[in-house]
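To keep things clear, I will list the structure first and then write my remarks on it.
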Amino acid sequence: MAAQQSRLNRQSAMITIKFDQQFQTDFKRISRRIPQIVTELEYVIEAIEEYGRVPESYNPHMLDHPRGIYSGYAEFHLAEGKMDVLVIYSERPEASTIRFIRMGSHDELFDGPLL
């Protein structure tokens, strides 16, 4: 976990990436269950640092359900969509910031208890 901690609230020349506490909790839980997710998430973070956005291959898209608790946020899918693992995040282009909010399955994030 020490290696993952060093990635928290990283700033590159182009963009700042922040990780909410709930995301960190989700990440710990999921990385125990699916260890290969760690490497993939590291790749996505490096791509964001280099290009300033989530790569299109991860299917990033806005969440726009009018009564959804994450409406206005965006999500992307890990594991090429072969496993149900997604990351909810927010972008603030004017501040050059991406904030990781939650990580989990559709059931955990959209059908589970509200935080």
Side-chain angles (χ1 to χ4, degrees):
M1 184 61 186
Q4 290 95 15
Q5 290 293 338
S6 68
R7 292 208 170 273
L8 300 181
N9 299 326
R10 293 183 56 162
Q11 184 169 358
S12 70
M14 296 176 62
I15 195 153
T16 300
I17 302 172
K18 297 183 177 184
F19 300 85
D20 282 9
Q21 185 63 44
Q22 184 59 52
F23 176 86
Q24 295 174 47
T25 301
D26 294 340
F27 175 76
K28 273 186 185 178
R29 185 185 73 252
I30 292 167
S31 64
R32 280 189 223 119
R33 194 174 64 211
I34 311 168
Q36 64 269 29
I37 288 296
V38 174
T39 303
E40 187 169 8
L41 187 61
E42 287 175 347
Y43 171 80
V44 173
I45 290 168
E46 289 170 3
I48 291 170
E49 289 174 336
E50 185 171 345
Y51 302 109
R53 61 180 165 25
V54 175
E56 289 300 317
S57 61
Y58 288 90
N59 189 28
H61 56 277
M62 293 300 297
L63 299 172
D64 58 4
H65 188 281
R67 292 183 302 211
I69 62 172
Y70 299 112
S71 185
Y73 292 103
E75 76 172 17
F76 64 87
H77 298 261
L78 294 171
E80 298 177 356
K82 294 176 185 168
M83 289 185 268
D84 187 18
V85 180
L86 54 105
V87 173
I88 296 175
Y89 67 101
S90 67
E91 288 184 282
R92 291 189 49 217
E94 72 284 355
S96 298
T97 301
I98 290 182
R99 192 174 110 225
F100 285 56
I101 310 292
R102 294 289 315 267
M103 180 180 191
S105 70
H106 283 88
D107 285 345
E108 291 167 336
L109 298 174
F110 300 111
D111 296 330
L114 296 177
L115 296 176

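Since the model is a prediction, treat every value here as computed from it, not as a measurement. Hydrogens, waters and symmetry mates are skipped; everything else that's a heavy atom, side chains included, is used.
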How far does [atom1] of [X] sit from [atom2] of [Y], to the nearest 0.5 angstrom?
X    : Y   : atom1 : atom2 : answer
I45  : I15 : CD1   : CD1   : 12.0 Å
I88  : Q22 : CD1   : CD    : 10.5 Å
M103 : F76 : CE    : CZ    : 7.5 Å
I37  : I30 : CD1   : CD1   : 8.0 Å

For the residue pair [X] and [Y], establish whether any side-chain heavy-atom pair is separated by less than 4.5 Å.
X    : Y   : value
M62  : E91 : no
K18  : F23 : no
L78  : M83 : no
F100 : D26 : no
I34  : Q36 : yes
Y89  : I48 : no
F27  : V38 : yes

> Can you name the side chain to side chain contact (heavy atoms under 4.5 Å, CB included) partners of S105, sequence neighbours left out?
Replying inline: D84, D107, E108
>> Which residues pass the side chain to side chain contact (heavy atoms under 4.5 Å, CB included) test with Q21, not counting sequence neighbours?
In response: Q24, T25
> Which pair of non-hydrogen atoms, one from H77 and one from N59, has the smallest distance, and what is that distance?
Replying inline: CD2-ND2, 3.8 Å
> Any idea which heavy atoms bring P55 and P60 closest together, and the distance?
Replying inline: O-CD, 3.5 Å
>> Tell me which pairs pass ring-ring contact (aromatic ring centres under 6.0 Å, His included) where either residue lies in residues 32-59, with sequence neighbours left out.
In response: none
>> Under the criterion side-chain hydrogen bond (donor to acceptor under 3.5 Å, both in side chains), I'd like the reasoning laid out for Y70 against R102: C-alpha separation, chi angles, the key distance, then a yes or no.
In response: CA-CA 10 Å; Y70 299 112; R102 294 289 315 267; 3.1 Å; yes
